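Since the structure comes first, as structure tokens, the remarks are kept for the end.
Below, chains carry the letters A, B, ... as their sequence lines are ordered, and counting in each starts from 1. Given the structure is predicted, the values throughout are model-derived calculations rather than measurements. Side-chain atoms are counted along with the backbone in the values below, which use heavy atoms only and exclude waters and symmetry mates.
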There are 2 protein chains.
Amino acid sequence: MIDPLQFFKCLADETRLKSLILIHSEGELCVCELMEALEEIQPKISRHLALLREHRIVLDRRQGQWIYYRLNPELPDWAKSVISETTQSNPAYIKANLKKLCCMGDRPERAKSCC
Amino acid sequence: MIDPLQFFKCLADETRLKSLILIHSEGELCVCELMEALEEIQPKISRHLALLREHRIVLDRRQGQWIYYRLNPELPDWAKSVISETTQSNPAYIKANLKKLCCMGDRPERAKSCC
DNA sequence: ATCAAATATTCGAATAAACATATATATTAA
DNA sequence: TTAATATATATGTTTATTCGAATATTTGAT
């Protein structure tokens, strides 16, 4: 299982930390949603998600053209708990980003629930 | 209070993470004890402790020639909890270091309890 | 089969973090 | 006051991380 040091290194970058918190808040998000919420270019989002995926902190699934990222449910409890508590106790940290996500037009959400 | 990103950056280095976990396990430790437990040179330990102190993750107190570091009791609960859970759930991560601390001769511990 | 959209990956450059060495400060003991 | 011990800090260098730009891959629609 994941080493605590590697785990915290994964959280020690703004793009990755915010992505994780947003993914945890929303359940599942795709790259274009994170681009909008964080106002970052696509390769930057993808690169950081790839790192989280390599460390098995998130899992991905493809649905059509979109790739959805979610927390790995097999993360050790302590690691899940770090993410949960950080999310719950720091709503201000991602408030503006959640807002941008909400206001986003044409979210691929609908596709998510169908099929 | 401390920003989650800054907090995780502080944990994302082996010397700092192990120092924090050891300090949390032992209550209070001085630089020379951490040097022994982590087998690192003094300026390296001091530098990393200084960073933790600047972010108010630890507090220090001088007692004679020694400076003891402890967790800041005013850390937000979520941050305390991150440190506690990480410590409790990863005993193997610092096992060898705790052993070295135990075996250390001439620990300034006695001074700690007197006065 | 071609094109557009979403995402991934590669690569060289820029930035930041960590390091070892040297030196400074503070305390205690002689 | 001098010497020794514990710790802190300053400095130049090395190493690690992050970045944007360019390109590749995959999928769905035409």
Rounded to whole angstroms, how far apart are [atom1] on [X] and [atom2] on [N]?
X      : N      : atom1 : atom2 : value
B:L51  : D:dA8  : CG    : P     : 13 Å
B:L52  : C:dA18 : CG    : P     : 11 Å
A:I41  : D:dA22 : CD1   : P     : 11 Å
B:L11  : C:dA18 : CG    : P     : 12 Å
B:R107 : D:dA6  : CZ    : C1'   : 16 Å
B:H48  : C:dA20 : NE2   : C1'   : 12 Å

- request: Not counting sequence neighbours, which residues clear salt bridge (Lys or Arg N to Asp or Glu O under 4.0 Å) with A:R70? List them please.
  value: none
Set of salt bridge (Lys or Arg N to Asp or Glu O under 4.0 Å) partners for A:D3, sequence neighbours left out: none
Under 3.5 Å side-chain donor-acceptor pair for B:Q42 and B:S46: yes
message: Show me the pairs that pass side-chain hydrogen bond (donor to acceptor under 3.5 Å, both in side chains) and involve residues 91-104 of chain A, at least two apart or across chains.
response: A:K18-A:N97, A:E39-A:K100
Run the side-chain donor-acceptor check on residues 75-83 of chain A: report pairs under 3.5 Å with partners two or more places apart or on a different chain.
{"residue": "A:K80", "atom": "NZ", "partner": "A:P73", "partner atom": "O", "Å": "2.8"}
{"residue": "A:S81", "atom": "OG", "partner": "A:E85", "partner atom": "OE2", "Å": "3.0"}
{"residue": "A:S81", "atom": "OG", "partner": "B:E85", "partner atom": "OE1", "Å": "2.8"}
{"residue": "A:S81", "atom": "OG", "partner": "B:E85", "partner atom": "OE2", "Å": "2.8"}

- request: Would you mind building the protein contact string for nucleotides 4-17 of chain C? One character per nucleotide, 5' to 3', B for base within reach (heavy atoms under 4.0 Å), S for sugar-phosphate only, - for untouched.
  value: --SBBB-------S
Any pair counted as ring pair (Phe, Tyr, Trp, His ring centres under 6.0 Å), so long as it reaches residues 17-50 of chain B, sequence neighbours left out: none
